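Notes follow the structure.
Bear in mind that the values here come from a model prediction, so they are computed numbers and not experimental data.
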Amino acid sequence: MLGKYLAVQQALRVSLLSLAVSLGFLGMQTVWLANAADRDYLVLRDRTASSLQSGLSNALWNFDAETAKAIITDVLRANPVRSIHVIDPNGRVFADGQSAQPVVAPSLWESYLGWLVDLKSEMTLDLRFSSPTDDHYQGMVVGFVFITFDKDHFIRGIADRLADQVLGILVVVLVVALTTSIVFHLFISRPIIRVARGVAEVDPEDPAATVLTVPRAHQRNEIGRMTNRLNHLLGRLADVQGELRLLATRDPLTDLPNRSLILEMVDATINRVALDSGRCAVMFLDLDMFKNVNDSLGHEAGDLILKDIGRRFDAVVAGLGAVGRLGGDEFVVLVDRYEREDDLARIARRLITTVKRPIDVDGTLVHSSTSVGIACYPVDGATPQGLLRNADTAMYAAKASGPGQWAFFDRSMTENALVRLRTEASLRSAIEKGQFVLHYQPKLDLRSNRISGCEALIRWELNGDLVPPGRFISIAEETGMIYDIGLWVLREACQAQRRWHRHAGAVPIAINVSVRQLKDERFIDDFLDIIQASGADPELLEVEVTESALMSSIEVSAHLLREMRSHGVRLSIDDFGTGYSSLAYLKNLPIDILKIDRSFVSDLPEESSIPRMIIGLAGQMGLRTVAEGIETEGQLAWLRDNGCDMIQGFLIERPLPEAEFLRFVDAYRAERAFPSAS
């Protein structure tokens, strides 16, 4: 449990190491003492033998038993000898003696030392007598002495000395270990612990705010260098963290707050204004037709425009809130506080106005516009995500009113958005389920009073009802599904033309082509493949392109129109007069027909200047004209009198399913005259 503390670990390691060293030293000393004891024991034996041999030999020669006993007693008293026996040459005991010391069983430690030393306890000596006067008695054996040494007593003395040394060494080891541990703790462990505590107190959000102190004694050693290095790393970590936060919260192109940061700012603003029942607002801005800028001038030019517009937004909102970029051409404006909705409307108009100022991109003046959706806290949402979502919905409502508009969020917008989502989900499977049908609206030639063709109009049969095109065509355009739907219309129209040729003869069919189709590089190949595979007559096929779609990508459109015209397909500009086409472009395009928009026809005959101009322009350019949306006799009469070539509208007939359309054509041919002409 205490092993987690550095000081305890240090003390344990020092003590164990010291103990191991001391045990090794004691082991070596024990071996040395054993060898020394062996030598001392041999010396003792030799000395004892010398002290006995001379005296006992004389006593035995002289048969002086008293002297022999006295010698034995002195030896037993002075040496670790247990017993001495003196035997004459005939084997009789001449003298003997026993040690008075009691016999004590050796301890385990003493037994180990006895095994280690391996002393011999018994010794036998020959007693020889040499006469100083008679050479005949030189070295004659006069008896024997048997000595039994007290080996245990000898070893006990060694063990006592060794125990004293062990005790002394252990005391020294403990003192040294404790002293060393204290020194290590004060000089090394405690500074490291202080550094570790300082690291633990570092604020992850602001690492540079914590500076680790270096003790004076460690300014130049490893601990000081380690602490300085940690301080350096904390500073670098703070720098990197700041850079990462900048990357994570800033848009890299405009340096404006990105989605995550703007949501944090909106959340903080909501919390602040909620304290005093205040109000704030979020504006969602989307640049109108910005994709055309990227397509025509390139993405680098688009980036320059986005950066410039970001700076303009920032200047408008300065002091009122903040600006962020969500991505692409989408921006968000946070208004910190407002009093009346009029204040927000004025800010929205200023934002729209600042975008309208032209931007010079390499000598080309680019005119932009933006649509603004506004959502207010707390009436339109209580969370950042809710406000942003509702502002986005309001922006789409503004965009539907035309470029450069603004709109406030309304609850019905959310319901409409949900309807659009459900419509989109159903629309994706409509072709596979065979839910699309074509209705055909007749066109009347005013000069011959004959049916001169028809316009194929798509209808969607969903749950037994016909969904109006206005509810799903725009969704198909936005999602890209219009491409497949447009090819389906072309394929069905070509097949209908083949069927009608056998029944009703040549009836030209006009189909509508969207801007999405014109901009898809696959379109012309798919278009021609369908005509060829169906066997339809391209001369009886008319393609209608709206003026705005044609001019949104004029170079691509011109190329495709020329390609289609070269194969015999007739071309018509729909909704002419509602866009911004250039007459120079029209002159060079392979156009056959100009179609007058119903918005100009509805005011006839009272307001006729624009229809008259379009009819005159078409005559000058050698083009035919078609007026759509004819509903009154007065409109028909004016158009016929002023040289319009063809008309279509409810006055002639509404769009009809194929079978009804063919019956209408047969009936009309039978009459061969328009009723109102009579």
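Listed by first and then second residue, the salt bridge (charged side-chain N to carboxylate O under 4.0 Å, His left out) pairs that reach into residues 350-368 come to none, sequence neighbours excluded. Pairs passing the side-chain hydrogen bond (donor to acceptor under 3.5 Å, both in side chains) check and including a residue from residues 299-309, sequence neighbours excluded, read D308-R312. Applying the salt bridge (charged side-chain N to carboxylate O under 4.0 Å, His left out) test to every pair with at least one member in residues 284-293, sequence neighbours left out, gives these pairs: D286-K399, D288-K399, K291-D295. For residues 323-335, the pairs satisfying side-chain hydrogen bond (donor to acceptor under 3.5 Å, both in side chains) are D251-R325, with sequence neighbours left out. The salt bridge (charged side-chain N to carboxylate O under 4.0 Å, His left out) pairs that include a residue from residues 647-659 are R499-E658, R654-E660, where partners are two or more places apart or lie in different chains.
Ring-plane geometry between F523 and Y483 is classed as perpendicular, the angle between the planes exceeding 60 degrees on a 0 to 90 degree scale with a lower cut at 30. Using the six-membered ring where Trp is involved, W500 and Y440 have ring planes that are perpendicular, over 60° apart on the 30 and 60° scheme.
Within 6.0 Å of CD in E341 there are more than 12 heavy atoms belonging to other residues, nucleotides or ligands. Dense packing is recorded around CZ of F664, with more than 12 heavy atoms of other residues, nucleotides or ligands lying under 6.0 Å away. Summarising the local packing, CD of E432 is surrounded by more than 12 heavy atoms from other residues, nucleotides or ligands at distances under 6.0 Å.
Salt-bridge check for R311 with D314: failed, with every basic side-chain N at 4.0 Å or more from each acidic carboxylate O.
With S602 contributing its side chain and S599 its backbone, the two residues share a donor-acceptor pair below 3.5 Å.
At a threshold of 4.5 Å between non-hydrogen side-chain atoms, the residues Q635 and I647 do not count as touching. You'll find the side chain of R565 stays beyond 4.5 Å of the side chain of L561, heavy atoms only. A 4.5 Å side-chain heavy-atom check between F436 and V489 finds every atom pair outside the cut-off.
Every residue meeting the ring pair (Phe, Tyr, Trp, His ring centres under 6.0 Å) condition with F313, not counting sequence neighbours, appears here in chain and number order: F331.
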